[in-house]
Amino acid sequence: RFHTRLGLPFPQSARLVNMRRYASQAGWCGALGLGALALVGLVISELVLNARREDLPVFPPCRKSVEMHSLRPPSDQVNVSADGVADVTRSLFFFGGKGYVWKPKGGSAWQKQVTYFGMEDMWRFSPSDGLWDNNALPNGASAPEPRWKFAAATFDDDSRLVLFGGCKSLEVTGVLNDLWVFEFAGGSADQGEWRQVFTTDPPAPRRGHVTTVNGTHLIIYGGKSYTAKHGLSILKDLWALPLEALRSRDAARFRWTKGPELPTDARWGSTGVVVRKADDSGMALALFGGRTYAEGGGYTYYNDLWLFDFEAATWIHAKPPGDWPEARDHHGTALVGDDMFVFGGRTKATRDASATLADVWSWSPKTGRWTEHPKGSGSAPAPRFMPGVTDITIDGQMALVVGGGELLPGSTKRTTLNDVWLYVPWVNDSGWKQLSSTHCGPQEIVYHADRPIADLMLEFASFEVPAISGGGFVAGSLLVALSVAAALAARIFSARRRHDVLDAVANVADKEEGSSRYVMLAA
């Protein structure tokens, strides 16, 4: 153009040489400029994603056979107002069980992997704001190994938690009989620690048993067991350990005491709580439901109610008048006020929806009667088995809380849950209130090259998954940016005429349309 404007002679061979040089310089400048824009865009996007990641809600992996309990902070962490009212903010702790996690499959694909959760995967839920966090334990803290079908209970005014047994495998051969205590660490109301307790002559390993406390002792009942010597066995034994053993750092000096066995069929999958007797003369273990092997094959499910009187050391077969709950196992039970509440469970061994329940019943020691509670006019939790069930007091009202479990038809990978529901009994048409819905998606947003940007942004904005991984986005975008830049440089550098340069740019833009959109997004 310079030679042409001055009217100077410009041989054809010199023009081609200069065109090559101009094209080469333009190509490299374009490649470097595009790369610089991409890098700037990547830095900005990473800053945005990191800031956004902190704002996104997180959720525990979905699971069944989960334990959920309400714990209060240590007494020195309780705020007392000027009028002497204690402000006790309780959190729900959600831990253990069988569920699934998301694992990279290769490239940008993900797949579900069934797993048993250890107690280091301990989640805390705040009923007041409906948020989860997994900071219940300090990083690297020791905790009970992964398991399901274990049982836990709170003691010392719900400030400590005790866990016994469970199973680390699908087969009953993986049963355990270890004993652990969880307590708040160093006066903290936010984090705690697990501590293993070693005692003398512990009960046999088991799963599907009952664990509860009566004010002075830890109580263990029944379940399914396996030992190399005796093989598989269904238990109906009763054991007690002084609570002082759980507080002591020298628990080996404490021994377990074996009580009288349940005078009926042995079973597993039962639930039990300690209630005050109708005449206020003492405490009793209330045991409900469960199942065992039927003589002709299959299972027998129970809905009988048994009481163990601790003072008299005897079992009593309670026969309440009126309606009873349907026979079931792997349901949930909690003591709300003075009454034993029962939720959900499984009524038969089939995998169809009719095998699970979502009803709420309570048994009152004072009246000796069962009461079925209405579900209310609003939404309610779906029928399920192996849920976590506990009690909590919110705004001065005693309530039942249900979380997790498994729906039928389904499987561990497809229909386990992590939702949380609140039920306030004795309030007219109070019904259920959902505190947290089920979120079982992968724990990060995965960017796929074949997905439109609009879909990605929609998923990002709607929080369909609980967290975002910026690292994968940065690496992928950088690779795409460098690939496009290299392709442009190669095509432009090899051009021999001016229209070849234009064609090169157009062809690369056509062929790299999907990737170039990501480059533009990053820039």
Novice: Without hydrogens or angle criteria, can the side chains of Lys149 and Tyr116 be said to hold a donor-acceptor pair below 3.5 Å?
Specialist: no
Novice: Mind checking the CG-OG1 spacing from Asp391 to Thr333? Nearest 0.5 Å is all I need.
Specialist: 11.5 Å
Novice: Nearest heavy-atom pair of Arg207 and Cys167: which atoms, and what distance?
Specialist: NH1-SG, 3.3 Å
Novice: Is the Lys NZ or Arg CZ of Arg63 less than 6.0 Å from the centre of Phe117's six-membered ring, within 45° of the axis?
Specialist: yes
Novice: Which of parallel (below 30°), tilted (30 to 60°) and perpendicular (above 60°) describes Trp426 and His373?
Specialist: perpendicular
Novice: Side chains of Thr350 and Asp352: is there a donor and an acceptor less than 3.5 Å apart?
Specialist: yes
Novice: Looking at the rings of Tyr221 and Trp306, which for Trp means the six-membered one, are their centres under 6.0 Å apart?
Specialist: no
Novice: Under the side chain to side chain contact (heavy atoms under 4.5 Å, CB included) test against Met283, which residue among Val274, Val213, Thr216 passes?
Specialist: Val274
Novice: Does the ring center of Phe343 lie less than 6.0 Å from the ring center of Trp432?
Specialist: yes
Novice: Quick one: which of Arg351, Arg384, Lys413 gives a salt bridge (charged side-chain N to carboxylate O under 4.0 Å, His left out) with Glu406?
Specialist: Arg351
Novice: Backbone N or O of Cys440 within a donor-acceptor pair of the Trp102 side chain at under 3.5 Å?
Specialist: yes
Novice: Please check if the number of heavy atoms outside Lys433 that lie under 6.0 Å from its NZ is greater than 12.
Specialist: no
Novice: Examine Tyr293 together with Tyr299 and report whether their ring centres are nearer than 6.0 Å.
Specialist: yes
Novice: Under 30°, 30 to 60°, or over 60°: which ring-plane class applies to Trp194 and Phe95, parallel, tilted or perpendicular?
Specialist: perpendicular
Novice: Are the aromatic rings of His217 and Phe310 close, with centres under 6.0 Å apart?
Specialist: no
Novice: For atom NZ of Lys98, decide whether the heavy atoms of other residues, nucleotides or ligands shown that lie under 6.0 angstrom number more than 12.
Specialist: yes
Novice: Return the CZ to OG1 distance between Arg255 and Thr200, rounded to the nearest 0.5 Å.
Specialist: 5.5 Å
Novice: Answer whether the closest heavy-atom distance between the side chains of Leu246 and Phe155 falls below 4.5 Å.
Specialist: yes
Novice: Is the count of non-hydrogen atoms from other residues, nucleotides or ligands lying under 6.0 Å from Asp395 atom CG greater than 12?
Specialist: no
Novice: Please say whether more than 12 non-hydrogen atoms of neighbouring residues, nucleotides or ligands are located less than 6.0 Å from CG in Asn135.
Specialist: yes
Novice: Any chance CD of Glu295 has more than 12 other-residue heavy atoms, nucleotides or ligands included, within less than 6.0 Å?
Specialist: no
Novice: Taking the six-membered ring for Trp, are Phe93 and Phe182 closer than 6.0 Å centroid to centroid?
Specialist: yes
Novice: For the pair Arg267 (side chain) and Asp265 (backbone), establish whether a donor and an acceptor sit closer than 3.5 Å, ignoring hydrogens and angles.
Specialist: yes
Novice: One pair to check against side chain to side chain contact (heavy atoms under 4.5 Å, CB included): Ile219 and Phe308. What are the steps and the verdict?
Specialist: CA-CA 11 Å; Ile219 308 298; Phe308 181 77; over 6 Å; no
Novice: Sub-3.5 Å donor-acceptor pair from the side chain of Ser248 to the main-chain atoms of Glu244, do we have one?
Specialist: no
Novice: Just how far is it from atom OG of Ser225 to atom NE2 of His209, taken to the nearest 0.5 Å?
Specialist: 10.5 Å
Novice: When rounded to the nearest 0.5 angstrom, what is the spacing between CG in Leu335 and OG1 in Thr154?
Specialist: 10.0 Å
Novice: Can His331 and Thr271 be said to form a side chain to side chain contact (heavy atoms under 4.5 Å, CB included), step by step?
Specialist: CA-CA 7 Å; His331 46 285; Thr271 56; 2.8 Å; yes
Novice: Side chain of Thr393, backbone of Gly396: donor and acceptor closer than 3.5 Å?
Specialist: no
Novice: Is the backbone N or O of Ala251 less than 3.5 Å from a side-chain atom of Arg253, with the two atoms forming a donor-acceptor pair by type?
Specialist: no
Novice: For the residue pair Trp315 and Leu285, establish whether any side-chain heavy-atom pair is separated by less than 4.5 Å.
Specialist: yes
Novice: If I take atom CG from residue Asn134 and atom CZ from residue Phe94, how far apart are they, to the nearest 0.5 angstrom?
Specialist: 12.5 Å
Novice: Determine whether Trp110 and Pro104 make a side-chain contact, defined as any pair of heavy atoms from C-beta on separated by less than 4.5 Å.
Specialist: yes
